[in-house]
Each structure stands twice: as structure tokens, then as C-alpha cells.
Amino acid sequence: DVQLVESGGGLVKAGGSLRLSCVYSGFNPDEEAVSWFRQAPGKEREGVACISNSARVIDYADSVKGRFTISSDNARTTVSLQMNDLKPEDTAVYYCAAAPIHMMVLCLVPTVMDSWGKGTVVTVSA
């Protein structure tokens, strides 16, 4: 079974940093792209960043470019999201998700993901 487990959320002041981790199992990382999404209260879920090991592709939402960095470990079991210069508008539940590699061009679109983690809460205070 596919499993994605997020960790690393918490409370941080504006300008601070957090590092989220997504430990995944149950699929071949060469056949899947892994993405981070977030959903703030009362808002739609939005794509944040995605990575494909085999396609060597990384993409970011415009709102996080230059502040967030997505990476994959050498063992190819964990995808991390380093978040710097956090802002109150980054407050959300952050989810890790996976999609087939042929959907990589749409890796920031929630509806193409076929597996999801349960999320981790990030709160940024002013």
C-alpha cells in the first residue's frame, strides 16, 4: 500500500523557518512525482512544490519561489520542503501527495494526485 507521512509542522514567527518531511513507501519513486500542497482555513487546496527524481524536474508555486526549497534524499524515501522567510499567509495544513510521472506537468494540481498524506499544520504568527 502507498503511504505518505508528513512531519515537521509547528508554530513559528514571521521571518522564521521550518522544514517539513514526507516519508513515503509503497511505490517506485522513478514512476511517481511527489508534491507538497497546502490548504488554509476557508480556502482551496493549492500546490506548493513538486519534484520528480526520474524526470529531474522541480516546480514551485509563484507565491513560494525564492523562499521554499523541495528536495529528495539519496535513499529516495523522503521528500523535504525547506521553508524560509515564512509569512502569516503561509499558515495552512501542508499535505504530501504523489502522482504518476506522466502527470508531472500537472504536479501542482490537486485533482491529479492519486495518494495523499494526512497533513501537518504550519502556523506563522505575525
Side-chain angles (χ1 to χ4, degrees):
D1 292 347
V2 174
Q3 287 192 325
L4 301 108
V5 180
E6 306 94 336
S7 63
L11 173 64
V12 64
K13 291 183 179 180
S17 298
L18 281 174
R19 186 176 181 88
L20 305 183
S21 294
C22 171
V23 177
Y24 60 86
S25 62
F27 60 82
N28 184 340
D30 288 331
E31 298 177 354
E32 297 275 329
V34 178
S35 304
W36 283 96
F37 291 83
R38 66 186 182 186
Q39 188 165 19
K43 295 188 177 181
E44 294 185 353
R45 192 167 296 189
E46 64 171 345
V48 175
C50 55
I51 188 168
S52 163
N53 288 316
S54 59
R56 299 181 182 179
V57 174
I58 291 176
D59 199 10
Y60 296 96
D62 289 342
S63 58
V64 305
K65 283 181 180 177
R67 300 188 299 122
F68 290 12
T69 303
I70 191 170
S71 61
S72 179
D73 70 329
N74 290 333
R76 302 190 301 169
T77 60
T78 304
V79 171
S80 298
L81 185 68
Q82 177 66 41
M83 306 187 296
N84 298 329
D85 189 23
L86 283 161
K87 304 176 181 181
E89 52 263 43
D90 295 317
T91 295
V93 180
Y94 283 72
Y95 298 91
C96 178
I101 191 64
H102 66 271
M103 301 299 291
M104 183 67 195
V105 68
L106 299 174
C107 64
L108 295 180
V109 178
T111 53
V112 306
M113 301 295 124
D114 54 16
S115 301
W116 289 88
K118 294 183 178 181
T120 186
V121 178
V122 172
T123 303
V124 184
S125 62

Measuring from [X]:[atom1] to [Y]:[atom2], what's the distance to the nearest 0.5 Å?
{"X": "Phe37", "Y": "Arg45", "atom1": "CZ", "atom2": "CZ", "result": "8.5 Å"}
{"X": "Ser25", "Y": "Leu4", "atom1": "OG", "atom2": "CG", "result": "7.5 Å"}
{"X": "Met103", "Y": "Ser35", "atom1": "CE", "atom2": "OG", "result": "11.0 Å"}
{"X": "Trp36", "Y": "Glu46", "atom1": "CH2", "atom2": "CD", "result": "14.5 Å"}

Asp62: partners by salt bridge (charged side-chain N to carboxylate O under 4.0 Å, His left out), with sequence neighbours left out: Lys65
Any pair counted as disulfide (SG to SG under 2.5 Å), so long as it reaches residues 59-108, sequence neighbours left out: Cys22-Cys96, Cys50-Cys107
Please name all residues satisfying side chain to side chain donor-acceptor pair (under 3.5 Å) with [X], sequence neighbours left out, ordered by chain then number.
{"X": "Ser72", "answer": "Asn53"}
{"X": "Thr69", "answer": "none"}
{"X": "Ser71", "answer": "none"}
{"X": "Gln82", "answer": "Arg19, Asn84"}

Results of ring-ring contact (aromatic ring centres under 6.0 Å, His included) for Phe27 - residues two or more places apart only: Tyr24
Remaining members of hydrophobic cluster (4.5 Å side-chain criterion), Val5: none
Members besides Leu11 in its Ile/Leu/Val/Met/Phe/Trp/Tyr cluster (side-chain heavy atoms under 4.5 Å): none
Can you give each donor-acceptor pair under 3.5 Å made by side-chain atoms of residues 112-122, sequence neighbours left out, with the distance rounded to 0.1 Å?
{"residue": "Thr120", "atom": "OG1", "partner": "Gly9", "partner atom": "N", "Å": "3.1"}

Heavy-atom side-chain contact between Leu18 and Leu86 under 4.5 Å: yes
pair Ile101-Asp30: side-chain heavy atoms closer than 4.5 Å: no
Sequence neighbours excluded - salt bridge (Lys or Arg N to Asp or Glu O under 4.0 Å) pairs with any residue from residues 82-107: Arg38-Asp90, Arg67-Asp90
Taking all non-hydrogen atoms of both residues, which atom of [X] and which atom of [Y] are closest, and how far apart?
{"X": "Pro88", "Y": "Ala14", "value": "CD-CB, 4.1 Å"}
{"X": "Glu32", "Y": "Pro100", "value": "OE1-N, 3.5 Å"}
{"X": "Ile70", "Y": "Tyr60", "value": "N-OH, 2.9 Å"}

If you group Ile, Leu, Val, Met, Phe, Trp and Tyr by side-chain heavy-atom gaps below 4.5 Å, do [X] and [Y] land in one group?
{"X": "Val2", "Y": "Val23", "result": "no"}
{"X": "Phe68", "Y": "Ile51", "result": "yes"}
{"X": "Leu20", "Y": "Ile58", "result": "yes"}

Within residues 85-105 or reaching into it, pairs that qualify as ring pair (Phe, Tyr, Trp, His ring centres under 6.0 Å) - sequence neighbours excluded: none
Side-chain (Ser21) to main-chain (Ser7) donor-acceptor, under 3.5 angstrom: no
Flag, side chain of Asp73 to backbone of Thr77, donor-acceptor distance under 3.5 Å: yes
Lys13/Val124 under side chain to side chain contact (heavy atoms under 4.5 Å, CB included): CA gap, chis, key distance, verdict: CA-CA 5 Å; Lys13 291 183 179 180; Val124 184; over 6 Å; no
